[in-house]
Amino acid sequence: MDFQGNYSLPKLPYAYDALEPHIDKMTMEIHYSKHHQAYVTNLNKAIETLDKNLVEHSKSLESIFGKMSKFPEAIRNNGGGHYNHSLFWSLMKPNGGGTPKGKLGEAITATFGSFDEFKKQFSDASIKRFGSGWAWLVVQDGKLVIGSTPNQDNPLMSLRGKGLKGKPVLALDVWEHAYYLKNQNRRADYIASFWNVVNWDAAEALFNS
C-alpha cells in the first residue's frame with residue numbers, strides 16, 4: 001500500500017479559555033485534545049486497513065466523502081469527526097457573535113425573513129437533533145438551507161438514501177461532550193452561548209467560496 005493515513009490534528013486558532021464564559025476552558029481542552037485527537041488517530045488506523053482500490057480515494061477528506069458509501073463505517077465516523085471538528089473550531093472566535101454582514105447576511109435575511117428568525121430555526125434544528133449529531137447551515141442548489149445530521153455525518157457525504165446535502169456555511173456540534181461539563185443536559189443553554197462566539201467572517205468566506 002502506497003498511502004498510509006497521515007491526517008493530523010489542526011492547530012486550534014485560539015487558547016482553550018479564549019471563548020469563556022460562553023464555552024468553558026475544560027470542555028474546549030477535552031473536546032479538542034481528546035475527542036478530536038481520537039478521531040484523527042482512529043481515521044489514520046482505519047485507512048491502513050483499506051482495500052487497495054479505496055486507497056487512492058482516501059488522500060483527502062473531500063475524496064472520501066464523495067464516495068462515502070464505498071468506505072467502511074470506521075472511515076465514515078472518524079473522517080466525519082475530523083472534518084466536522086476542524087470546521088467547527090474555525091467557525092468560533094473570541095468576541096464573536098453579532099450579526100453576519102456582507103452577502104451572507106443579505107442571503108440570510110432574504111431566505112429566512114430576518115436574522116432572528118434564522119437563529120430561531122437553526123437553534124430549533126440543533127435542539128431537535130435526537131441523540132448525537134450536528135446542526136448545519138448549507139448552500140443547497142444555490143439556496144441557504146438549515147438541517148442536521150446524525151453522529152459525525154456531514155452534508156458533503158455521498159450516502160445512499162435521504163440526508164442533508166450541500167456546502168457547509170455554519171456548523172454546531174450537539175454531541176453531549178461539546179457542552180456537558182458546563183451545561184449538563186441543558187443543550188438549549190449551550191446553543192444560546194454559541195451565538196456569542198460565532199465567527200461570521202469565517203462563515204462568510206465559506207458562503208462566498
Does [X] use its side chain to pair, donor to acceptor, with the backbone of [Y] at less than 3.5 Å?
| X | Y | answer |
| --- | --- | --- |
| N196 | G97 | no |
| R129 | A135 | no |
| D51 | N53 | no |
| E20 | K25 | yes |
| K167 | F207 | yes |
| Y179 | A188 | no |
| S90 | L87 | yes |
| N84 | Q152 | yes |

Set of residues satisfying salt bridge (Lys or Arg N to Asp or Glu O under 4.0 Å) with respect to [X], sequence neighbours excluded:
| X | answer |
| --- | --- |
| D189 | R186 |
| K93 | D201 |
| D153 | R76 |

Reported CE-to-CG distance for the pair M157 and L61, which is rounded to 0.5 angstrom: 9.0 Å
Distance check, rounded to the nearest 0.5 Å: S158 atom OG versus F71 atom CZ? 11.0 Å
Can you give me the closest heavy-atom contact between P13 and W89, atom names plus distance? CG-O, 3.9 Å
Enumerate the side chain to side chain donor-acceptor pair (under 3.5 Å) contacts for residues 96-105, please, sequence neighbours excluded, ordered by first and then second residue. T99-K101
Listed once per pair and sorted, the side chain to side chain donor-acceptor pair (under 3.5 Å) pairs that draw on residues 116-125, sequence neighbours left out: E117-Q121, S123-W195, D124-K128
Checking one residue: Y180. Which other hydrophobic residues are in its cluster under the side-chain 4.5 Å linking rule? none
Over 12 foreign heavy atoms within 6.0 Å of CG, D141: no
For N95, does the CG atom have more than 12 heavy-atom neighbours from other residues, nucleotides or ligands under 6.0 Å away? no
Does the side chain of [X] reach to within under 4.5 Å of the side chain of [Y], using non-hydrogen atoms?
| X | Y | answer |
| --- | --- | --- |
| T111 | F118 | no |
| L156 | P168 | yes |
| F122 | I191 | no |
| L104 | L144 | yes |
| I75 | I47 | yes |

Report the residues that fulfil ring pair (Phe, Tyr, Trp, His ring centres under 6.0 Å) with [X], sequence neighbours left out, ordered by chain and then residue number.
| X | answer |
| --- | --- |
| F88 | W134 |
| H177 | H31, H35, H85, W175 |
| Y16 | none |
| F194 | none |

Start with the C-alpha gap between F65 and Y83, add the side-chain angles, then the distance that decides, and say whether ring-ring contact (aromatic ring centres under 6.0 Å, His included) holds. CA-CA 10 Å; F65 297 155; Y83 173 88; 5.5 Å; yes
Could I get the full list of side chain to side chain contact (heavy atoms under 4.5 Å, CB included) partners for S86, not counting sequence neighbours? P10, H36, H82
Results of side chain to side chain donor-acceptor pair (under 3.5 Å) for T41 - residues two or more places apart only: Q37
